[in-house]
Amino acid sequence: MSVTTRREENVGYVTIDNSPVNAIGLSVRSGLLEAVAWAEKSNLERVIVSGKGGMFAAGADAKEFDSEPVEPHLPDVLNAIDDSFIPWIAAIEGVALGGGAEIALACRMRIMAPGASIGFPEVTLGVIPGAGGTQRLPRLVGLANALDMITFGKPMRAQLARDIGLVHAVEDDPSYAAFMFNSEELGSFVPVRDLPEPVIDTAVIDAARERLANKSRGQIAPFRALEVIEAGMELPFLEGLTIERRAFLELRSSEQAKSLRHIFFAERAAKAPASLTADPVAFDHVAIVGGGMMGSGIAYALLHAGLRVTIVENGDEGVERACTNVDTIIAASLQRGLIDEAGANSRRERFSATSDYSDVADATLAIEAAYESIDVKRTVFRALEYALPANAILASNTSYLDLNEIANAVSKPSQVIGLHFFAPAHIMKLLEIVVGEHTSDAALATGFALGKRLRKIPVAVGVCDGFVGNRILARYREAADTVLMDGSTPWDIDEAMVEFGYAMGPYCAQDLSGLDIAHANRRRQDATRDPARRYIPIADRMVELGKLGRKTGAGWYRYPDGSGRVDDPIVADLALEEAHFAGIKRVDYTDDEIRERILLAMINEAADLLHEGIARRASDIDLVVVCGYGFPRWRGGLMHYADTIGAKSIVAKIESLSVEDPIAWKISPLLQQCASSGILISDAKPA
Ligand code: 3HC
């Protein structure tokens, strides 16, 4: 039974019981409808609805969204609760999200536990509330609050929910508080749908639309939510509900909703891969070698997860720098209200820094975040192996270096793994777990256990230059530079990629991170680069000119007042000059051509990564580009997006580009296989 009922005196208890998150699928909808009839037949005085396991309900069961809707539909179930002559009270613990929050809105009263949250995250799944949320919420909390909650989808903590009138009370035991609540007062509460509609305030609507234009560019659902809320304000409740339902069902089967569901479920599946058989090594104290920006960010992420952390640095100066870096992050988190004073103190207490490896003798996990030099890393690993317990897992945060070469420095390379964090490490969700040729299952399981503990999205990848993310990034930049050389400008390329859904284009992003980093990588790759491969020298010229990005006041763009970005004609001239030296007849690419070339290059590289087994499955590549590299989430990731074009069409396009440059446009065998066999790229497996 997904919904259970019981009676105590004249109070009915209805419990949603659909582990793990009480998602509202068919059995819950049917159970709730039966509970309405049961309560009325039993002549109860009130009904208290809650969720089993400390969780009210996580919303509609999104797994059902790929099939036709089946009766009873949630809006009808909630109307039945609304229509009932017995008042229902929602006792909310954990989360009440989406359809869960809509159940609460259909109740006569809402009580939340202090740690609970409530929200309408439907737009994050590419839909809008489909069971009255857009119609009831504005009546309850006013237009501005409702627009904010629904169009951005961010849940709200209990205290704030009470402050805006979304819930009546915050109580430690919401069910008990619901039981004790005064009958007469309860009887005076009217259903939310009978509250007066909020006044149409065009200024509020325009401001919301403008915010969406800035923050939700390219996404359909947030704008539809706004339209439906606006339309509903001039209509009777039931008519508003009809409009909402129509929009919800239409969006549910849209490409964007499918893409967002794909990423949502891929993220969940990533946390616990079925292939993990060994037990992780238990860790409580973690050693981090290197207290620079990356090391201190990793340290803070671990402290935030409740672990004990010691940074090992060189000499007193290094130790002091590590302490300052970690303390700066703690202070910033405190200032932003992300943690309180007690939390800050607890983090400080669990942190230490040292220059003596013997201080980490009890750490069973170490993460090296030292300078990117193979010799430095090999020395560090030997020191760690000597100092730490025999079963300790030794991880490297290297972004590019060969993990196998690092592992060969120690006597037990099976205990070596890569943990590639992304800067800032305490914020970015992605964690590439690099599996070397000797890496044991226990080491891999430990990497995943850490990912889970840090609430990151862990993705297992194989060893190659750049692993999955940076290898695709390198191809992204190479393709963009080729377009730049052959007929475009950084700003046109950036605009084309922003139009696709990136928050910023490749040149804007490089200006932020600094052109010197990619330059150093290119120098490192000089020795191994295919000499026959076309090399675009424009970025090198930029570095020679000292145009390193924002930090030098000029990069691909100029930053005259330190922040505002201005197109730089010198850069356009530089591209023209290099094209002239190379004897290139430049073409004027359209935005579509720019996008196509860049995205095809990335798809081809990603297909090679899967073919070579560096990525284990297509959805892992989707997670890497979405969670670590700004690929638009609502496009579902690179491989998911590739399937919307189709392997056949991709191969045909790359074939025609290969006439220009057969080396850069060498078609991935995996794409060819998909094109000839009809297998989706998302379903393709490593060779
Ligand atoms: N539908 C189906 N399955 C869901 C689900 C949902 N809405 N929400 C979570 N799950 C599943 C996950 O896939 C995962 O399954 P698995 O164990 O097989 O991998 C399991 O529940 C646990 O989920 P998490 O790993 O995410 O658990 P957490 O404890 O980290 O987080 C949560 C719990 C905060 C509830 C989070 O899962 C979440 O945010 N869920 C989605 C909430 C949401 O978007 N709701 C709106 C749905 S649309 C809707 O309600 C339409 C309505 O208006 C008609």
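As the structure lists them, so they are numbered: ligands from 1, and atoms in each ligand from 1. The basis for the numbers below is simple: all heavy atoms, side chains too, and nothing from hydrogens, waters or symmetry mates.
Shown here for I16 and A57, the closest heavy-atom pair between the two residues is CD1-CB, 4.4 Å.
Put simply, atom 17 (O) of ligand 1 has no protein non-hydrogen atoms near it, under 4.0 Å away. Per-atom contact check: atom 40 (N) of ligand 1 touches the protein, criterion being a heavy-atom distance below 4.0 Å. At a distance under 4.0 Å, no protein heavy atom can be found next to atom 29 (O) of ligand 1. Closer than 4.0 Å to atom 26 (O) of ligand 1 lies at least one heavy atom of the protein.
Rounded to the nearest 0.5 Å, atoms NZ (K456) and NZ (K429) are 7.0 Å apart. Distance check, rounded to the nearest 0.5 Å: CD1 of I128 to CD of E227 gives 9.0 Å. For the atom pair F56 CZ and L97 CG, the distance stands at 11.0 Å (nearest 0.5 Å).
Taking each of D61, L74, V21 in turn, the one with a heavy atom nearest to atom 11 (C) of ligand 1 proves to be V21.
Within ligand 1, the atoms closer than 4.0 Å to a non-hydrogen atom of F264 are 8 (N), 9 (C), 40 (N), 41 (C), numbered from 1 in the order shown. Every atom of ligand 1 is numbered from 1 in the order shown, and the set under 4.0 Å from a heavy atom of K271 is 25 (O), 30 (O). Those atoms of ligand 1 that come under 4.0 Å of a heavy atom in E122, given as number and element, are 48 (S), 49 (C), 50 (O), 51 (C), 52 (C), 53 (O). Within ligand 1, the atoms closer than 4.0 Å to a non-hydrogen atom of F265 are 3 (N), 13 (O), numbered from 1 in the order shown. Within ligand 1, the atoms closer than 4.0 Å to a non-hydrogen atom of G59 are 50 (O), numbered from 1 in the order shown. Listed by number with element, the atoms of ligand 1 under 4.0 Å from a non-hydrogen atom of P129 are 53 (O).
Looking at S682 and D643, their side chains do bring a donor and an acceptor atom within 3.5 Å of each other. Residues R29 and H73 bring no donor and acceptor atom of their side chains to less than 3.5 Å of each other.
Using a cut-off of 4.0 Å between Lys/Arg side-chain N and Asp/Glu carboxylate O, R224 and E250 are scored as salt-bridged. Ion pairing between a basic and an acidic side chain is recognised when a charged N comes within 4.0 Å of a carboxylate O; E102 and R136 show no such pairing. Under the 4.0 Å criterion applied to side-chain N and carboxylate O atoms, D83 and R193 are assigned as salt-bridge partners. In this structure, D66 does not pair ionically with K258, as no charged nitrogen and carboxylate oxygen lie closer than 4.0 Å. Under the 4.0 Å criterion applied to side-chain N and carboxylate O atoms, D148 and R211 are assigned as salt-bridge partners. Ion pair R252/E122 not flagged as a salt bridge, since none of the NZ, NE, NH1 or NH2 atoms sits closer than 4.0 Å to an Asp/Glu carboxylate oxygen.
The nearest heavy-atom contact from the protein to atom 1 (N) of ligand 1 is A62 N, 2.9 Å. Taking atom 34 (C) of ligand 1 as the reference point, the nearest protein heavy-atom neighbour is L97 CD1, 4.1 Å. Of the protein's non-hydrogen atoms, the one nearest atom 15 (O) of ligand 1 is K63 NZ, 4.5 Å. Closest to atom 52 (C) of ligand 1, if we only count protein heavy atoms, is E102 OE1, 3.3 Å. Shortest contact from atom 35 (C) of ligand 1 to any protein heavy atom: A58 CB, 3.5 Å. Nearest protein heavy-atom contact of atom 7 (N) of ligand 1 is A60 O, 3.0 Å. In terms of protein heavy-atom proximity, atom 20 (C) of ligand 1 is closest to P20 CG, 3.5 Å. Closest to atom 31 (O) of ligand 1 among all protein heavy atoms lies R268 NH2, 4.9 Å.
A donor-acceptor pair under 3.5 Å links the side-chain atoms of E244 to the main chain of A131, judged by distance alone. In this structure, the side chain of D61 does not engage the main chain of A23 through any donor-acceptor pair within 3.5 Å. In this structure, the side chain of D17 does not engage the main chain of K52 through any donor-acceptor pair within 3.5 Å.
Heavy-atom separations between F120 and ligand 1 are all 4.0 Å or longer. Within the structure, the closest approach of R455 to ligand 1 falls below 4.0 Å when heavy atoms are considered. The closest approach between any non-hydrogen atom of G133 and ligand 1 is not below 4.0 Å. Under a 4.0 angstrom heavy-atom cut-off, E64 registers as lying outside contact with ligand 1.
Counting heavy atoms closer than 4.0 Å to ligand 1, residue I24 contributes nothing at all.
In terms of polar-atom proximity, defined here as any N/O pair under 3.5 Å, A269 makes no such contact with ligand 1.
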